Amino acid sequence: MAGLRQCPVRQRGQLTRSEPDWLAEEVPVALVYNGISHVVMMATPKELEQFALGFSLSEGIIDHPAEIYGMDVMPACNGMEVHIELSSRRFMALKEHRRAMAGRTGCGVCGVEQLDEIAKPISPLPFTQTWPLERLDQALAQLKSVQPIGRLTGCTHAAAWITPAGELTLGCEDVGRHVALDKLLGYRARAGAMPGAVLVSSRASYEMVQKSAMCGVEILFAVSAATALAVDVAQRCRLTLVGFSKPGRATIYTHPERILDSKS
C-alpha cells in the first residue's frame with residue numbers, strides 16, 4: 001500500500017527481540033506551477049493529484065478545476081513533485097502574488113492589527129445547508145474507514161465528507177491535517193456539489209476554516225477543539241464551526257442556524 005513502510009521495533013518488556021511494525025511515510029511534496037516551484041509540503045505520498053487540486057482551490061490559486069489544464073506526479077530527489085499546468089490568467093496572478101510576497105521584509109504577520117490583513121478574502125457563505133446532530137455519531141463511526149494507513153500506524157489524520165443522512169461519501173487521510181483536508185477538497189471539486197459537511201479528525205485551526213470556506217463548505221465538524229482565531233474567521237465568513245464532535249457531544253461555535261438538534 002502506498003504511504004506505508006515496515007520497520008523493526010522492540011516493545012517494552014520484550015527488548016531482546018524485534019518484530020516488524022508499520023510506519024506511515026512522510027515525504028516532501030513540491031507543487032510546481034508552470035515550471036516554477038511554489039511550495040513544498042510534507043505529506044503521505046498518495047492521492048497527490050487530489051492534494052494539488054484541493055490546495056490550488058483552498059489557497060485561491062484557482063477558482064475552478066477547469067483552470068488546471070494538466071497535472072503530472074513524479075518522483076524527485078527524496079520526495080515527489082506535482083507539475084501543474086495553469087491557465088495563463090491564473091499563472092500571471094500567481095506570479096504577481098509571489099512577487100508581492102518576495103517584496104516584504106521581516107515577519108509578514110508582525111505588526112498586523114486587522115484580521116483582514118492575514119486572512120484571505122472570502123465571500124460570505126450562503127445558507128443552503130443544514131445538518132441534523134442525531135446523525136453525527138453514525139458519521140463518526142465511519143471515520144476510520146478512510147484511514148487504512150492510520151489503522152496500521154496510528155499516525156494519520158482524516159478528512160471526510162458526510163451527508164445529512166450520516167453517510168460518509170468521500171474521505172482522505174494524511175500525516176498532515178491540512179493535507180488531508182486539501183485532498184478531500186480536491187476529491188469534492190471533481191465529484192461536484194453535494195449536500196453535507198466536512199468532518200476532520202483534528203482540531204480546527206483558522207487555516208482549516210479558511211480552506212473549507214474558500215471551497216464553499218458551509219459546515220465544518222472537528223473532533224477536537226477550535227482555536228479563537230478559527231472561530232473569528234468562521235464567524236466572519238459565515239461558516240458553521242462545530243468542535244468536540246464526539247459520540248453524544250458537539251460544541252457549536254458559530255452560526256448554529258444550520259444545525260438541527262432534535263433534543264433542543
Side-chain angles (χ1 to χ4, degrees), residues 44 47 50-51 53-55 57-58 125 127-151 154-227 230-231 233-234 237-263:
T44 303
E47 301 170 312
Q50 286 73 25
F51 165 52
L53 174 57
F55 179 91
L57 289 163
S58 70
L125 292 164
F127 286 84
T128 66
Q129 302 293 310
T130 57
W131 221 93
L133 279 184
E134 63 264 24
R135 300 293 186 185
L136 181 57
D137 290 3
Q138 177 184 340
L140 286 165
Q142 302 169 67
L143 195 55
K144 288 192 179 299
S145 69
V146 300
Q147 293 177 272
I149 293 176
R151 289 198 302 273
C155 193
T156 65
H157 284 293
W161 187 259
I162 52 176
T163 72
E167 299 172 347
L168 192 156
T169 58
L170 298 170
C172 300
E173 66 175 335
D174 199 275
V175 291
R177 64 183 188 275
H178 300 94
V179 178
L181 178 59
D182 277 332
K183 288 178 178 180
L184 173 69
L185 296 173
Y187 271 117
R188 177 176 173 268
R190 286 181 169 164
M194 62 187 84
V198 167
L199 170 63
V200 295
S201 65
S202 64
R203 66 184 173 91
S205 62
Y206 91 91
E207 298 103 325
M208 303 290 275
V209 170
Q210 190 164 260
K211 283 177 175 290
S212 298
M214 287 288 288
C215 293
V217 173
E218 295 182 35
I219 306 170
L220 173 62
F221 289 95
V223 167
S224 190
T227 67
V231 172
V233 174
C237 68
R238 303 200 304 191
L239 178 141
T240 297
L241 178 58
V242 185
F244 295 108
S245 302
K246 303 176 186 294
R249 184 181 178 188
T251 299
I252 297 92
Y253 295 102
T254 59
H255 300 289
E257 54 267 44
R258 292 192 183 93
I259 300 300
L260 308 177
D261 189 356
S262 60
K263 295 181 180 180

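The residues of the chain are indexed from 1 along the displayed sequence. Fair warning: this is a prediction, and the values are worked out from it, not measured in the lab.
The distance from the CG atom of Leu185 to the OG atom of Ser212 is 6.0 Å, given to the nearest 0.5 Å. Between the OG1 atom of Thr240 and the CD1 atom of Ile252 there is a distance of 9.0 Å, given to the nearest 0.5 Å. The distance from the CG atom of Leu184 to the CD atom of Glu173 is 12.5 Å, given to the nearest 0.5 Å. In this structure, Leu57 CG and Lys211 NZ are separated by 10.0 Å, a value rounded to the nearest 0.5 Å. Atoms CG and CG, from Leu143 and Leu199 in turn, are 5.0 Å apart once rounded to the nearest 0.5 Å. Thr130 contributes atom OG1, which lies 4.5 Å from atom CG of Leu260 (distance to the nearest 0.5 angstrom).
The shortest heavy-atom contact between Ala250 and Leu133 is CB-CD2, 4.2 Å. Between Ala204 and Leu241 the shortest heavy-atom distance is CB-CD1, 3.8 Å. Nearest approach of Ala189 to Leu53, heavy atoms of both residues: CB-CD2, 4.3 Å. The nearest pair of heavy atoms linking Trp131 to Ala197 is CD1-CB, 3.8 Å.
Counting non-hydrogen atoms of other residues, nucleotides and ligands closer than 6.0 Å to NZ of Lys144 gives a total of 12 or fewer.
Sorted by first and then second residue, the pairs that involve residues 184-197 and meet side chain to side chain donor-acceptor pair (under 3.5 Å), not counting sequence neighbours, are Glu47-Tyr187.
Judged purely by atom type and a 3.5 angstrom limit, Asp174 uses its side chain to pair as donor or acceptor with the backbone of Thr44. Between the side chain of Ser201 and the main chain of Ala158, a donor-acceptor pair closer than 3.5 Å is present. Although no hydrogens or angles enter the test, the distance criterion places a donor-acceptor pair under 3.5 Å between the side chain of Gln147 and the main chain of Thr156.
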Distance-only donor-acceptor hits, side chain of residues 213-227, under 3.5 Å, sequence neighbours excluded:
unit_1	atom_1	unit_2	atom_2	d
Glu218	OE1	Thr128	N	2.9
Glu218	OE1	Gln129	N	3.2
Glu218	OE1	Arg258	NE	2.9
Glu218	OE2	Thr128	N	3.4
Glu218	OE2	Thr128	OG1	2.4
Thr227	OG1	Ala230	N	3.1

Using distance only, find each side-chain donor-acceptor pair of residues 160-172 under 3.5 Å and give its atom names and separation, not counting sequence neighbours.
unit_1	atom_1	unit_2	atom_2	d
Trp161	NE1	Pro195	O	3.2
Thr163	OG1	Ala165	N	3.3
Thr163	OG1	Glu167	N	3.2

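Residues His178 and Ser205 have side chains in contact (heavy-atom distance under 4.5 Å, counting atoms from C-beta outward). Looking at heavy atoms from C-beta onward, Arg177 lies out of side-chain contact with Val200 at the 4.5 angstrom threshold.
Gln142 meets the side-chain hydrogen bond (donor to acceptor under 3.5 Å, both in side chains) test with no other residue; sequence neighbours excluded. Checked against side-chain hydrogen bond (donor to acceptor under 3.5 Å, both in side chains), Gln50 has no partners two or more places apart in sequence or in another chain. Every residue two or more places apart in sequence or in another chain was checked for a ring pair (Phe, Tyr, Trp, His ring centres under 6.0 Å) with His157, and none qualifies.
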